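Below is one structure, written out as structure tokens; comments come after it.
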Amino acid sequence: MEAMVTPSRTPFSPFLSSQLKPIPKPTLHLHSPIPSPPPKDADATATTFTLQQTKEIHAHIIRTQFRPTNILPAQSSPQAQLNFLITSYIKNNTPSAALNLYAHMRETAASPDNFTVPSVLKACAQLSSLRQGMEIHGFVIKAGFHWDVFVHNSLMQMYSDCGSLGFATKLFDEMPDRDVVSWSTMIRSYAWCKLFDEAIELVREMLLSGIRPSEVAIINMLNLFADVGEFTKGRPVHTYLIKNSARESPSVNATTALIDMYVKCGSISAARRVFDRMEEKSTASWAAMIAGFIRGRDMGTAMELLIEMRHNHVFPNEITMLSLVIECGSIGNLELGKWLHAYILRNGFKMSVALGTALVDMYCKCRDLWSAREMFDLMDGKDIAVWTAMIAGYAHTNCIKEAFDLFTQMKDANIKPNEITMVNLLSLCSEAGALDRGRWIHACIDKQGIEMDVVLTTSLVDMYAKCGDINAAYAVFTQTTDRDVCMWNAMINGLAMNGYGEETISLFMEMEKVGVRPNNVTFIGVLRACSHSGLVEEGKQFFSCMEHDYELVPKVEHYGCMVDLLGRAGHLDEAHEMIRRMPNEPNVIIWGALLAACKVHKNPKLGELAAKELLKLEPHNSGYNILLSNIYAIDRRWSKVAEVRKSMKDTGIKKMPGMTAIEVNGVVHEFVMGDASHPQSKKIQAMLSEMQEKLKRAGHVADTSGVYLNIDEEEKETLLNYHSEKLAMAFGLISTPPRTPIRIVKNLRVCDDCHAATKLLSHIYGRVIIVRDRNRFHRFCEGSCSCQDYW
DNA sequence: CTAGGGTTAG
């Protein structure tokens with residue numbers, strides 16, 4: 001099903017074609033009956049009925065065996081009556097009822113007609129049921145319907161809504177006469193799949209083919225350019241609007257969409273000009289403009305407009321407040337968020353569940369978990385979205401316990417988790433390396449029958465990969481065929497960080513083969529794989545082909561990967577040369593990569609240069625100060641070391657604490673250096689002493705070169721023994737059964753001494769020890785380590 | 001027209 005997300009417009013995957021052959025041609029089938037065109041003015045369809053009323057009419061129709069009723073026009077055929085019911089069910093958001101009726105029609109004499117088809121296709125779209133949609137497509141072919149624009153457009157819309165851009169495109173390409181709706185549908189489909197360039201190309205083609213865009217089409221286009229976020233691309237539509245407004249001025253809605261487009265493209269001034277010229281402004285126009293000022297962090301003007309709006313007798317509604325709160329959360333302005341919250345309460349807005357959720361989410365994004373929780377606890381009728389928003393808040397701040405506690409409470413409250421809830425919990429497990437928890441979530445997903453969409457599958461792949469179970473990650477990855485670029489990236493990066501260099505490259509090849517276009521993130525994974533596996537030449541090739549063959553401009557991150565790749569391999573001068581040649585301004589990632597390489601390959605001269613550049617960029621960053629002092633320590637220039645340390649102390653810079661986490665029986669335990677806060681601290685200390693003893697006997701000499709303090713060797717050794725990774729390992733050894741693997745996660749790089757010690761410990765205790773540090777895995781087994789570079 | 005919670009990389 002790869003073609004469902006195939007980016008290119010033209011090819012129609014042979015796999016898919018074979019399922020739907022023959023593709024219908026708009027020819028007239030003289031021998032099959034041509035169904036009558038849809039009734040033009042059925043009174044009943046103009047009226048909207050509630051779901052309850054619809055059900056009653058349904059029951060009545062069945063009871064009276066399609067006899068004319070006083071609700072429907074007297075001459076209504078059974079067909080028309082059923083069509084009416086289908087439409088009414090769809091209007092009431094019960095697409096499955098509509099599809100059941102359709103199935104009923106197929107079994108009875110009342111065969112579906114040209115009027116039925118668009119309605120039931122809409123139901124399929126609402127349910128994202130590609131299978132049923134294809135079935136209807138097949139029926140349309142078999143029944144020999146007249147292929148008018150309406151049927152074509154409905155089918156395209158269904159395929160596009162079910163995520164099958166490939167089928168939609170195929171139909172579009174085969175249409176003899178495309179109307180403005182056909183074009184709009186395609187443009188919208190491409191925009192949804194984030195294929196903006198293709199969408200823009202379609203806009204161009206549409207205008208060239210002489211189609212005059214309708215208002216809906218114009219609004220669609222403006223929304224498209226708002227998503228693209230590029231000022232220059234949206235400009236032509238504005239020009240078009242101005243040109244045409246000589247005859248008829250654009251509607252308030254179109255102008256509002258224009259303001260929204262300018263705001264999202266970051267041009268507040270252009271938005272303001274349009275806004276000021278508007279004679280009549282709707283609530284939405286004001287909201288779009290105010291959201292723009294919030295986005296531009298101009299709170300003063302935003303507040304002024306909010307007040308001015310009321311002076312103009314336009315009043316904000318719930319949706320206005322909703323979008324303001326969301327915008328505020330995305331810029332993380334807590335002060336404004338609190339003000340908006342107060343404003344909402346003061347002005348008696350109805351606190352809907354949606355608005356409450358937006359507030360909870362806003363507080364979470366502003367990292368005020370306490371206020372978020374307060375709001376959350378106050379809310380009545382909490383639905384799955386609020387629970388998920390709150391869990392997401394805990395997940396993003398790495399509050400494992402709180403997140404899982406809340407998850408339990410949610411289940412106790414009989415709220416069924418959905419895929420979004422699970423994605424949040426999984427990302428938490430990824431971060432903490434909590435494999436057992438992650439597996440448990442996976443089991444929950446299966447048990448609860450939660451739909452595995454692309455995002456959830458990607459999260460699962462990511463979780464297994466980041467927890468070091470690469471086989472499980474691959475198993476999930478191969479179970480699905482509907483993979484988007486994110487999922488490929490997750491798998492590629494997973495292989496890369498687990499040290500599978502060659503495999504990463506072959507997966508990349510496969511991705512290319514099935515026609516998924518790699519993006520910037522993909523290349524970060526591929527380059528990192530080359531870096532970790534010492535594939536210098538391959539890395540250089542990928543780096544040059546990403547620009548030449550894939551038209552992707554390497555970003556600073558890619559240069560960072562290259563500096564890391566060359567640096568790790570010891571090509572320090574080449575790495576330095578790369579930095580000098582790069583078009584972008586080198587940032588901390590670049591110099592940091594060079595500095596780390598200089599430390600490993602003991603090149604204090606270049607290292608000092610890198611460290612000084614780093615400190616120019618971020619004088620207060622503790623990590624770089626420490627690295628600089630480390631560089632001096634290599635040359636044993638202790639006075640310089642002391643100087644840096646002192647300046648750090650003076651400016652109040654503290655070292656980011658090294659932390660190591662280990663999951664035992666689904667509970668994540670965290671340790672910092674010299675940690676004695678764990679309930680089992682005594683036992684851990686005893687274990688540490690035993691480990692130290694055994695290490696000594698095995699001939700381990702403490703590598704104190706990682707301790708860059710001018711203290712005596714014995715003290716250095718003691719310090720090393722209390723590194724957080726050793727504490728976590730000791731705890732792992734005493735609390736898990738013999739021979740089971742030990743997995744730990746460290747937030748910084750593992751130091752040289754801990755690395756050497758872990759190798760021996762894996763042999764001494766007969767354990768596989770898997771350490772995940774800042775960006776990759778070290779797998780220790782019987783006294784050796786999987787990583788191939790400098791260790 | 002604006003419409004609550006989500007994935008990869010950093």
Side-chain angles (χ1 to χ4, degrees), chain A residues 215-216 218-220 222-223 226 250-261 263-264 278 281-292 316-327 329 351-362 364-365 376 379 382-393 395-396 417-427 430 453-463 465-466 477 483-494 496-497 518-528 555-558 560-561 587-589 774-775:
Chain A
E215 168 149 334
V216 175
I218 285 175
I219 290 170
N220 264 334
L222 288 169
N223 287 338
S251 71
V252 178
N253 287 347
T255 318
T256 301
L258 184 65
I259 293 173
D260 187 52
M261 188 269 290
V263 161
K264 293 205 170 121
M278 278 179 95
K281 300 181 180 86
S282 68
T283 307
S285 329
W286 286 91
M289 197 61 242
I290 296 170
N317 57 20
E318 189 210 323
I319 297 167
T320 318
M321 297 323 289
L322 200 54
S323 44
L324 296 190
V325 172
I326 294 163
E327 202 64 54
M351 184 62 78
S352 66
V353 182
L355 190 50
T357 308
L359 283 165
V360 168
D361 184 53
M362 179 274 294
C364 287
K365 294 215 164 91
F376 175 82
M379 284 172 67
K382 290 193 270 283
D383 64 4
I384 182 64
V386 211
W387 285 93
T388 304
M390 196 61 231
I391 291 174
H396 287 137
N418 66 12
E419 58 275 17
I420 304 175
T421 324
M422 295 321 213
V423 164
N424 278 297
L425 291 170
L426 283 171
S427 78
S430 301
D453 64 10
V454 255
V455 179
L456 183 54
T457 312
T458 304
S459 295
L460 267 174
V461 169
D462 181 59
M463 182 278 292
K466 288 214 176 108
F477 180 76
R483 304 176 192 129
D484 67 354
V485 67
C486 279
M487 202 189 296
W488 284 95
N489 287 350
M491 193 65 229
I492 283 175
N493 279 300
M497 79 184 295
N519 63 13
N520 282 314
V521 180
T522 320
F523 277 95
I524 288 173
V526 173
L527 293 175
R528 272 177 63 186
K555 296 209 268 186
V556 190
E557 290 89 335
H558 300 97
C561 290
N587 66 1
V588 289
I589 301 167
R774 194 90 198 101
N775 48 25

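The structure presented is a predicted model; accordingly, all values stated were derived computationally and were not measured. The sequence lines fix the lettering, A, B, ..., with proteins before strands; numbering per chain opens at 1.
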Q: Figure out the CG/C1' separation between A/Leu359 and B/dA3, and round it to whole Å.
A: 14 Å
(Q) Using a 4.0 Å heavy-atom cut-off to protein, can you give one letter per nucleotide of nucleotides 5-10 of chain B, 5' to 3': B if the base is in contact, S if only the sugar-phosphate is, - if neither? (A) BBBBBS
Q.
Any base atoms under 4.0 Å from A/Val353, or only sugar-phosphate, or nothing? Heavy atoms, all strands.
A. base
Q: Report the residue from A/Asn520, A/Asp484, A/Thr522 that forms a side chain to side chain donor-acceptor pair (under 3.5 Å) with A/Asn489.
A: A/Thr522
Q) Which atom pair, heavy atoms only, marks the closest approach of A/Val353 to A/Met379? A) O-CE, 3.7 Å
Q. How far apart are the closest heavy atoms of A/Leu322 and A/Ala354, and which atoms are they?
A. CD1-O, 3.6 Å
Q. With distance as the sole criterion, is a donor-acceptor pair present between the side chains of A/Thr421 and A/Asn418 under 3.5 Å?
A. yes
Q) Reckon A/Asn520 touches a base, only the sugar-phosphate, or nothing at all at heavy-atom distances under 4.0 Å? A) nothing
Q) Given the rule in the side chain to side chain contact (heavy atoms under 4.5 Å, CB included) test, do A/Met278 and A/Thr256 qualify, once you have shown the distances and angles that lead to the verdict? A) CA-CA 9 Å; A/Met278 278 179 95; A/Thr256 301; 4.1 Å; yes
Q) In whole Å, what is the span from the CE atom of A/Met362 to the C1' atom of B/dA3? A) 17 Å
Q: Would you please say whether a donor-acceptor pair under 3.5 Å links the side chains of A/Ser430 and A/Ser427?
A: no
